[in-house]
Amino acid sequence: MLYTVTNLTDYTEASLVRAASELLEHLRAESDAVESAETWKLFRDRWIGRKNGILKQVRELWLNPAPAEIKPRVGVIYRDIELQIEDVIATQKKKYEAIAIFRKATSDIFLDATLPLDITLPGIHRPIGAEHPVIKTMNEIIGVFRNLGYSVEEGPEIETDYYNFEALNFPPNHSARDTQDTLFIAGQESKPPRDRLLLRTHTSPVQIHTMEKMRPPVRVVCPGKLHRNDAPDPTHSPIFHQVEGLAVDTNITFCDLKGTLDHAMKALFGSNVKTRFYPSFFPFTEPSADVQISCIFCDGKGARDGAPCRNCKASGWIELLGCGMVDPNVYGFVDYDATKVSGFAFGMGVERVAILKYGVDDIQLFFQGDVRFLEQFG
Ligand code: PHE
C-alpha cells in the first residue's frame with residue numbers, strides 16, 4: 001500500500017522518532033523508482049506538492065496540532081524531514097538526467113526492445129578511425145631506428161629545470177635558455193631553481209633520465225610531446241612533437257652519427273635523398289650540427305618547372321634536425337666516465353617530417369581535429 005501520513009496518537013519522543021523514520025524509509029524506497037523526467041515529476045509532486053504533498057500533510061497532521069510545549073521539537077523534526085526530502089529530490093534529478101544522457105548515447109547501439117526487430121534494416125555504419133598523421137609519422141621514425149636496434153624510452157611532459165636545462169649543460173641564467181621560449185609553472189619562487197617545474201621544451205631531458213637508469217651501451221629513441229611559448233601560425237605551434245635519439249658506447253664517432261642519420265633520412269624520404277651536416281650549436285652536444293636533406297620537391301636543384309623552388313627557398317636544401325656528439329659535461333651529470341665513453345644525440349620535429357612527407361601546408365591542421373583532413377591518412 002502506498003504510504004500516507006496518519007495522525008499522531010501521542011507526541012512522545014519515541015513516537016515522533018518512529019513516525020519520522022518510517023516516513024523517511026518510504027521516501028528512500030519510492031525514490032528508487034525514479035528513472036525518467038516523468039517519474040521524477042510524479043515523485044516530486046507526491047512529496048512536496050503544494051496542494052496535498054506529503055510534506056504538507058506532515059505540517060497539517062503532525063506540526064500544527066502539536067501541543068504548544070512540544071511544538072518546537074516537532075518543528076525541528078519537520079525541518080529535518082523537509083531537508084531530507086529536498087535532498088532526495090535533487091539527487092534523483094541528477095540520476096535521471098544521467099540516465100537520459102546514457103540512453104541517448106547508447107540508443108543507436110542497443111535497439112529499443114519494445115520495437116519489433118526488423119532484420120532487413122541496414123546495419124549501423126561505424127566508420128573506422130585513422131591513425132593521426134603525427135602518431136603515424138612518429139611510429140615511422142621509431143620504426144627506422146628500431147630496425148637499427150634502438151629501444152624506446154619516454155619521459156614526463158612536466159619537467160624540472162634540472163632535467164630540461166641544467167643537466168643538459170645549460171648553466172643557470174645562461175642566455176642559451178632564452179632560445180627555448182619556456183612555459184614555466186607559476187608560483188614556485190620558494191623552490192630551489194633546479195626543482196622548479198616547467199613544460200619541457202624538447203625531448204632531450206629523456207636523454208638524462210635514460211642515462212641515469214642505464215649504463216652504456218645505450219641506444220634509445222625518445223618520442224614525445226613538448227611545449228613552447230610560441231604563437232600559432234602555419235609553421236609554429238605551442239605544442240609539437242619530437243623524436244630524440246641517443247647512442248652512447250665506447251668509440252662512437254661523428255662518422256657513426258653521419259651514417260646513422262643519412263640512413264634514417266633515406267629510409268624516411270627515399271634513397272635518392274642526400275644529407276648535409278651544417279655547423280650549429282646546442283649546449284649539450286659538441287660539436288653540434290643541423291642536418292639538411294636535399295629538397296625532396298625539386299630533387300635538390302633549387303628550381304622546379306623553370307621557377308625557383310618555394311619549398312627550399314631555391315637553395316636545394318631543407319633543414320630538418322639538430323644533432324651532435326654528446327658534450328662530455330653532460331656525462332658528468334649522470335655519472336658516466338667521459339674518458340671512456342662517447343656518443344651522439346639528435347632530435348627531430350615530427351610535424352616537420354610529416355609536413356614534408358605528406359605535403360601539408362599548415363601545421364595547425366594537425367591540431368584542429370578536422371575529420372576531413374585526418375581521414376586522408378587512413
Ligand atoms: N633538443 C634540441 C632542440 O629541441 C634538438 C637536439 C637534440 C639537438 C639532440 C642536438 C641533440 O632544438
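For ligands, and for the atoms within them, numbers begin at 1 and follow the listed sequence. All heavy atoms count here, side chains included; hydrogens, waters and symmetry mates do not. All figures in this text were calculated on a predicted structure; none of them were measured in a lab. Residue indices begin at 1 and follow the sequence shown.
Side chain of Glu157 to main chain of Arg200: no donor-acceptor pair is present (N/O by atom type, distance under 3.5 Å, no hydrogens or angles). The backbone N or O of Glu189 lies less than 3.5 Å from a partner atom in the side chain of Arg196, making a donor-acceptor pair. No donor-acceptor pair under 3.5 Å is formed between the side chain of Arg276 and the backbone N or O of Glu319. One N or O on the side chain of Asp256 and one on the backbone of Thr253 form a donor-acceptor pair closer than 3.5 Å. No donor-acceptor distance shorter than 3.5 angstrom exists from the side chain of Thr285 to the backbone of Ser288, with no hydrogens or angles considered. Gln242 places no side-chain N or O within donor-acceptor distance of the main-chain N or O of His202, the cut-off being under 3.5 Å. Listed for the Ser271 side chain is no donor-acceptor partner under 3.5 Å among the backbone atoms of Lys266.
Counting atoms of ligand 1 from 1 in the listed order, those under 4.0 Å from a heavy atom of Phe346 are 7 (C), 9 (C), 11 (C). If you number the atoms of ligand 1 from 1 as listed, the ones under 4.0 Å from a heavy atom of Glu244 come out as 7 (C), 9 (C). Close approach to Gly347 involves these atoms of ligand 1, each under 4.0 Å from a residue heavy atom: 6 (C), 7 (C), 9 (C). Close approach of ligand 1 to Cys323 is summarised as follows: ligand atoms under 4.0 Å from at least one heavy atom of the residue are 8 (C), 10 (C), 11 (C). Taking a cut-off of under 4.0 Å to the non-hydrogen atoms of Gln242, the atoms of ligand 1 that pass are 3 (C), 4 (O). Close approach of ligand 1 to His202 is summarised as follows: ligand atoms under 4.0 Å from at least one heavy atom of the residue are 1 (N), 4 (O).
Val330 and Phe281 end up in different hydrophobic clusters when Ile, Leu, Val, Met, Phe, Trp and Tyr side chains are linked at under 4.5 Å.
Under 4.0 Å from ligand 1, the heavy atoms of Arg228 that appear belong solely to its side chain. Residue-level proximity to ligand 1 for Ser204 is carried by the side chain, the only part with a heavy atom below 4.0 angstrom.
When the options Phe284, Phe282, Phe240 are ranked by their closest heavy atom to atom 11 (C) of ligand 1, first place goes to Phe284.
Polar contact with ligand 1: absent for Thr285 (N/O pair, distance under 3.5 Å). For ligand 1, the polar-atom distance check against Gln207 finds no nitrogen or oxygen pair separated by under 3.5 Å.
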